[in-house]
Amino acid sequence: MKENKTKPDIRFKGFTEAWEQRKLGEIIEVNSGKDYKHLKSGNIPVYGTGGYMLSVNDALSFDKDAIGIGRKGTIDKPYILKSPFWTVDTLFYAIPKENYTLNFVFGIFQKIDWKSMDESTGVPSLSKATINNVRVSYPNSTEQIKIGQYFSKLDDLITLHQRECDQLKELKKSMLKKMFPRDGSNIPEVRFAGFTDAWEQRKLGELLDIYEDALNSQTV
């Protein structure tokens, strides 16, 4: 939704009320992560700005899901944290308050230009005060749920296709090794049916013509 507008351009059927505006601090509770080195190994995940790190025996949030947002380093990659979890001191975790749904608030976090709020001249940094003062728009809880579910399904599809894409990249990498002869060999490990001849060897210059970029090749 564009700034100063009270209604989004696209809505689910049946929703017509104007959206309200509040500061994020009225919608979420921002909590600080802590050092985990005093904890023992366990089954509760520890998260940093880059994601999962390891598992320990204690949690900062046992029963409330949250949104992780970087305090230092990567400040523009929020992600959902499923309880129980622990976060390190470079990762805030924001828990939605009553009447605000996690997936909808996560959508808000993804829309915000966090890099523009960087408070450091060195390593990118955010403060609780900066996060809490961001003004956002929100609808009633029923519309929040609908919107949150919609984007959650899109995220699931993106994850699924990303996994398939990664698998295809690994397949291609493997087949490039197997469908071209290894050094010292003239027959590949894997071939299409019906091909048995040995491969020949030549220099690349015999197989293709190489042209220089006329602009880049000029002497200044």
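Just so you know, these numbers use all the heavy atoms, side chains as well, and skip hydrogens, waters and symmetry mates. Start at 1 with the first residue, then count along the sequence.
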Quick one: does [X]'s side chain have a donor or acceptor within less than 3.5 Å of a partner on [Y]'s backbone?
X	Y	answer
Trp86	Lys34	yes
Arg191	Asp197	yes
Thr159	Asp155	yes
Asn57	Lys40	yes
Glu26	Lys23	yes
Arg11	Glu17	yes
Asn103	Thr101	no
Ser127	Ser125	no
Trp199	Ser185	no
Lys7	Thr16	yes

Taking the six-membered ring for Trp, are Tyr93 and Phe85 ring centroids under 6.0 Å apart? yes
Partners of Thr142 by side chain to side chain donor-acceptor pair (under 3.5 Å), sequence neighbours excluded?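 Per chain and number, Thr142 pairs via side chain to side chain donor-acceptor pair (under 3.5 Å) with no residue.
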Under the side chain to side chain donor-acceptor pair (under 3.5 Å) test, residues paired with Gln162 that sit two or more places apart: Asp166
Value rounded to 0.5 Å, distance of CG in Leu168 from CE in Met175: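 Reported value, rounded in 0.5 Å steps: 12.5 Å.
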Can you tell me how far the OH atom of Tyr150 sits from the CD1 atom of Ile10, to the nearest 0.5 Å? 8.0 Å
Indicate yes or no: at least one non-hydrogen side-chain atom of Phe104 is less than 4.5 angstrom from one of Pro139. yes
Any side-chain heavy-atom pair from Tyr100 and Ser141 closer than 4.5 angstrom? no
Could you please spell out the steps behind the side chain to side chain contact (heavy atoms under 4.5 Å, CB included) verdict for Val136 and Ile27? CA-CA 9 Å; Val136 298; Ile27 291 175; 3.5 Å; yes
Can you tell me which residue among Asp113, Asp118, Ile112 is in a side chain to side chain contact (heavy atoms under 4.5 Å, CB included) with Lys115?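 Only match with Lys115 under side chain to side chain contact (heavy atoms under 4.5 Å, CB included): Asp113.
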Do Phe12 and Trp19 land in one hydrophobic cluster if side-chain heavy atoms of ILVMFWY residues count as linked below 4.5 Å?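 Shared cluster, yes.
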Minimum heavy-atom separation for Asp76 and Trp114, please, with both atom names.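 Looks like CA-CB, 4.1 Å.
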Please indicate whether [X] has more than 12 foreign heavy atoms, meaning atoms of other residues, nucleotides or ligands, lying under 6.0 Å from its [atom1].
X	atom1	answer
Tyr211	OH	no
Phe62	CZ	yes
Arg202	CZ	no
Gln201	CD	no

Trace of the side chain to side chain contact (heavy atoms under 4.5 Å, CB included) decision for Ile44 with Leu39: CA-CA 11 Å; Ile44 295 173; Leu39 301 174; over 6 Å; no
Residues Ser120 and Lys72: side-chain donor-acceptor under 3.5 angstrom: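 On atom types as modelled, these side chains do not qualify, holding no pair under 3.5 Å.
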Classify the side-chain pair Asn43/Ser55 by whether it contains a donor and acceptor separated by less than 3.5 Å.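 No, because no side-chain N or O of Asn43 sits under 3.5 Å from a partner of the opposite role on Ser55.
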Would Asp89 and Asp35 satisfy side chain to side chain contact (heavy atoms under 4.5 Å, CB included), going step by step from the backbone distance to the final call? CA-CA 6 Å; Asp89 60 2; Asp35 185 19; 5.5 Å; no
